[in-house]
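Lettering of chains follows the sequences in order, A, B, ..., and the numbering in each one begins at 1. From a predicted model like this one, the values you see are computed outputs, not experimental measurements.
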Amino acid sequence: MLWPRLARALLGKPLTDPAPPVPQETVAALGERLAAAARTRLGRSLSIREVDSGSCNGCELEVTALQNVAYDLERFGLRFVASPKHADVLLVTGPACRNMTEAMQRALDCTPDPKWVVAVGDCAVDGGVFKGSYAVEGGVGAVLPVDLLIPGCPPSPEQLLEGLLALLEAEAAPAPK
Amino acid sequence: MTAAALIRTGAPQGAHPFERFLLAAGTWAGLPAALTADPSLAFLGMWAEPGMVHAAFLEEGANAVLLASAPAESGRYAALSPARPGAIRFERMIRDLWALTAEGAVDLRPWLDHGRWGLEGPLSGRPAAILGGEPPQPEFLPAEGEGIHQIPVGPIHAGVIEPGHFRFHVQGELVVRLEQRFGYTHKGTLSLMLGKPARAAAAFAARLSGDSTVAHGWAFAAAAEAALGVAVPPRAVALRAVMGELERIHNHLNDWGFVCNDAAFAYPHARCGWLREGVLRACAAAFGHRLMMDRVLPGGIAPDIAPGGAEAILAALEAVERETPALMRIYESHASLQDRVVGTGFLDPVLAARFAAGGFVGRGSARRFDARRTPGYAPYDAMVPALAVEAGGDVDARVRVRVAELGTSISLVRRLLMTLPEGETLVPLPAQAGEGSALIEGFRGECLAWLRLDEGGLIRAVFLRDPSWLQWPLLEAAIEGNIVADFPICNKSFNCSYSGVDL
């Protein structure tokens with residue numbers, strides 16, 4: 001029952017959407033932040049550790065959707081890993097909740113250099129609607145050094161993909177003079 | 001006197017549609033004994049405001065919601081946890097947020113407060129500043145025996161999920177005790193809602209738990225409308241239900257796929273992900289947002305469904321309906337998958353009833369409750385959904401409830417779209433005082449919202465109760481005696497919200 005379906009899937013066209021275009025100004029800005037040494041070290045592949053610093057879980061739903069067959073993140077050499085120790089990118093969602101501050105800092109400390117921090121979603125950008133709460137420091141930038149912001153509430157998988165592809169392009173680009 | 005009769009001796013406070021009775025502290029103190037003697041009054045939740053404690057109950061026979069309050073004299077009130085174990089976490093939360101202490105409570109360890117906010121009792125009206133110092137280490141309940149060791153997991157987990165800490169006590173492969181420690185995603189949501197008009201505060205209800213944004217948004221809106229005596233246009237009522245059912249469908253598909261994935265069975269996961277993506281794209285085409293966030297507003301919905309939206313939704317649902325039977329056959333006919341789900345994470349129906357667990361957690365353990373049927377609300381009074389109940393209590397039973405609900409929800413959406421009334425979708429709200437509550441069935445169970453508005457129509461007191469409050473403790477019970485490696489699949493079959501209970 002399963003085998004004929006698998007065979008059909010093998011012979012049929014993939015369900016996956018084409019890749020979205022990548023904004024070149026973002027690529028240039030990211031390239032400037034990345035040393036040439038890091039560029040050769042990372043290659044055209046990134047391991048991502050997702051860290052939820054207190055989101056409503058809306059961002060998690062869309063980050064998860066990135067891995068479905070429509071977006072198929074792994075075709076770009078981007079994959080989610082289970083530990084910050086294996087990661088090149090910390091992808092952080094949610095406002096920086098005070099109860100998560102220590103865990104976020106520890107996750108950053110365990111992530112080997114060179115590394116990126118990507119803040120995903122309006123809450124991660126500046127605290128979003130939770131700005132000013134006694135329980136929230138602000139955006140992720142209040143706790144971790146952020147390299148790339150992907151706004152949206154939540155950002156759609158296309159927007160997430162655009163941002164992550166910009167990271168890859170930045171690595172591939174020649175070192176800024 | 002039954003517990004319900006005892007509550008009704010209090011002074012009615014004019015709350016809609018469920019009345020709230022104000023009891024003297026002494027009468028409230030008689031509640032635990034009355035509740036112990038009368039198991040038919042289900043505990044739904046507990047919250048507070050400065051100097052006052054509130055509780056919500058469900059009369060299982062009469063299917064009426066009953067609200068009770070009592071003053072917390074000198075910051076103390078009688079604990080309900082000795083009679084209703086579901087009250088334990090609420091009492092811990094009330095102490096952390098409102099600085100009110102439950103006397104005779106089963107457990108008074110901190111819950112949401114990790115000692116990192118710089119203040120104590122943030123909602124108490126006069127929070128005390130805390131200066132410096134190391135946050136205290138959490139204390140976990142002990143487990144004793146030969147060869148027992150602990151496995152700490154989290155707050156950051158290995159998957160793309162929310163943060164929380166799980167402390168396992170393990171003997172060999174078997175889990176002897178699981179204890180959860182949450183609060184990591186506490187955002188001070190309730191404090192941010194105070195003093196705002198209902199429509200401005202709706203954004204917070206929509207972000208209590210993103211996967212239930214429609215359900216919580218609807219519950220909050222319905223509570224505000226009940227408080228203000230506002231009637232919602234029929235078209236908005238129907239479209240709320242369309243969005244609510246679409247939310248149920250996309251989440252059930254997600255959970256079904258992920259349960260299979262946690263058993264390392266990739267095919268259903270891939271197909272469910274694809275079908276769910278189709279539903280989300282249809283939601284975006286129809287309502288302008290994939291998760292339909294901020295579409296339900298107090299007074300109706302906005303914007304109206306887009307031209308072509310209904311067709312997009314029907315096409316996506318057609319694909320789901322076409323493939324579900326084949327996916328179910330694959331799910332049922334692979335021993336490697338069945339071996340992981342059948343008998344795993346058994347939740348005793350007695351416990352499910354004792355905690356009044358809602359959603360697929362309760363209905364997977366034979367609890368016959370669905371808020372759309374009882375107490376019921378529009379538009380489901382005109383199209384009562386079938387009740388999906390399984391008696392198995394295991395991971396498989398919870399999956400089967402979801403799959404059965406997929407079919408029910410698809411036919412509901414079709415009927416709703418076919419009979420969609422014409423007219424406006426949003427009416428203005430008067431700025432006036434009132435108190436209201438609502439119970440709306442989200443994908444994981446009933447969402448309870450309660451609020452009180454002052455003369456200016458601003459929120460004076462509010463509480464949003466996610467169904468996970470009464471389901472998380474049951475996961476601790478269901479995992480007992482299972483192997484550690486089965487925790488992810490058990491956890492996914494419950495799929496409780498962290499943000500929803502962390503507030």
Side-chain angles (χ1 to χ4, degrees), chain A residues 1-2 5-6 9 15-17 48-71 80-84 91 93-95 97-104 106-107 110 121-123 127-137 153-154 156-157, chain B residues 112-114 116-119 122 127 135 154-163 183-189 191-192 203-204 206-211 213 250-251 254 257-258 267 269-271 273-274 276-278 280-281 284 289-291 293-294 326 329-330 333-334 497-500 502:
Chain A
M1 199 123 68
L2 182 55
R5 286 167 183 277
L6 292 179
L15 300 166
T16 310
D17 292 342
I48 305 169
R49 173 62 260 190
E50 202 262 3
V51 177
D52 177 341
S53 65
S55 86
C56 75
N57 79 31
C59 286
E60 274 57 47
L61 291 180
E62 295 298 49
V63 172
T64 303
L66 270 182
Q67 299 168 81
N68 73 26
V69 294
Y71 301 103
F80 286 93
V81 293
S83 166
L91 191 144
T93 64
C97 285
R98 297 213 152 104
N99 284 354
M100 275 299 287
T101 308
E102 186 186 344
M104 287 162 72
R106 284 211 211 174
C110 306
D122 288 349
C123 293
V129 296
F130 301 104
K131 215 179 321 186
S133 161
Y134 61 86
V136 167
E137 292 282 356
C153 190
S156 67
Chain B
L112 299 180
D113 187 353
H114 296 188
R116 294 170 188 270
W117 300 333
L119 50 84
I156 299 179
H157 297 156
V160 180
I161 54 170
E162 301 173 76
Y184 294 95
T185 75
H186 179 72
K187 296 182 266 294
T189 304
S191 76
L192 294 167
F204 297 99
R207 285 160 185 77
L208 183 71
S209 180
D211 50 16
T213 179
H250 85 70
N251 279 300
N254 204 36
F258 267 94
Y267 183 79
H269 177 52
R271 293 308 305 174
W274 172 250
R276 173 175 180 271
E277 182 63 26
L280 294 183
R281 288 178 183 187
H289 192 287
R290 285 163 57 92
L291 305 177
M293 203 171 249
D294 299 324
R329 279 197 298 277
I330 289 167
S333 63
H334 285 79
S497 173
Y498 299 71
S499 181
D502 280 351

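Both the backbone and the side chain of A:C153 come within contact range of chain B, each with at least one heavy atom under 4.5 Å from a heavy atom of that chain. Contact annotation for B:S209: both backbone and side-chain heavy atoms come within less than 4.5 Å of a heavy atom of chain A. Only the side chain of B:R290 comes within less than 4.5 Å of a heavy atom in chain A; its backbone stays farther off. Only the side chain of A:V136 comes within less than 4.5 Å of a heavy atom in chain B; its backbone stays farther off. With a threshold of 4.5 angstrom between heavy atoms, B:H157 approaches chain A through N, CA, C or O but not through any side-chain atom. A:P154 touches chain B through backbone and side chain together, each having a heavy atom under 4.5 Å away. Using a 4.5 Å cut-off between heavy atoms, B:P163 touches chain A through backbone and side chain atoms alike. Using a 4.5 Å cut-off between heavy atoms, B:N254 contacts chain A through its side chain alone, with no backbone atom that close. Proximity to chain B is limited to the side chain of A:Q67, based on heavy atoms less than 4.5 angstrom apart. B:Y498 does not touch chain A: none of its heavy atoms, backbone or side chain, sits under 4.5 Å away.
Across A:V51, A:V63, A:D17, A:L6, the residue that shares the most heavy-atom pairs under 4.5 angstrom with chain B is A:D17. The most heavy-atom pairs under 4.5 Å with chain A, out of B:G500, B:G159, B:P127, B:A203, come from B:G159. Most heavy-atom pairs under 4.5 Å with chain B, from the set A:T93, A:L91, A:V81, A:T64: that is A:T64. Across B:P122, B:A270, B:S191, B:S333, the residue that shares the most heavy-atom pairs under 4.5 angstrom with chain A is B:P122. Most heavy-atom pairs under 4.5 Å with chain B, from the set A:G94, A:C59, A:P157: that is A:P157.
Contact between B:G188 and A:A135 at its shortest, heavy atoms only, is N-CB, 3.8 Å. The two atoms that bring B:L192 and A:S133 nearest to each other are CD1-CB, 3.9 Å, heavy atoms only. The two atoms that bring A:A65 and B:E277 nearest to each other are CB-OE1, 4.1 Å, heavy atoms only. Between B:I156 and A:A107, the shortest heavy-atom contact is CD1-CB, 3.8 Å. Here the shortest heavy-atom pairing between A:N68 and B:G273 reads ND2-O, 3.9 Å. Closest non-hydrogen pair, A:D52 versus B:I161, comes out as CB-O, 3.9 Å.
Interatomic distance, B:E162 CD to A:M100 CE, rounded to the nearest 0.5 Å: 11.0 Å. Taking CD of A:E62 as the start and CG of B:L280 as the end, the distance is 6.5 Å to the nearest 0.5 Å. How far CE of A:M104 is from OH of B:Y184: 14.5 Å, rounded to the nearest 0.5 Å. Of the inter-residue distances, the one linking A:L2 atom CG with B:I330 atom CD1 reads 5.0 Å to the nearest 0.5 angstrom. To the nearest 0.5 angstrom, A:T101 atom OG1 is 7.0 Å from B:R116 atom CZ. Summarising the geometry, atom CZ belonging to B:R271 is positioned 8.0 Å from atom CZ belonging to A:R5; distances are rounded to the nearest 0.5 Å.
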Between A:E60 and B:S499, is a side chain to side chain contact (heavy atoms under 4.5 Å, CB included) present by the stated rule, with each step listed?
CA-CA 12 Å; A:E60 274 57 47; B:S499 181; over 6 Å; no

Let me see the working for B:D502 and A:N99 under side chain to side chain contact (heavy atoms under 4.5 Å, CB included), right down to the final yes or no.
CA-CA 11 Å; B:D502 280 351; A:N99 284 354; over 6 Å; no

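Looking only at side-chain heavy atoms (C-beta outward), B:P135 and A:R98 stay at 4.5 Å or farther from each other. Annotation: side chain of A:N57 is not in contact with side chain of B:T185 (no heavy-atom distance under 4.5 Å).
Between B:R207 and A:D122 there is no salt bridge, since none of the side-chain N atoms of the basic residue sits less than 4.0 Å from a carboxylate O of the acidic one.
For the pair A:R49 (side chain) and B:A158 (backbone), a donor-acceptor distance under 3.5 Å is present.
If you look at A:F130 and B:H186, their ring centroids are not closer than 6.0 Å.
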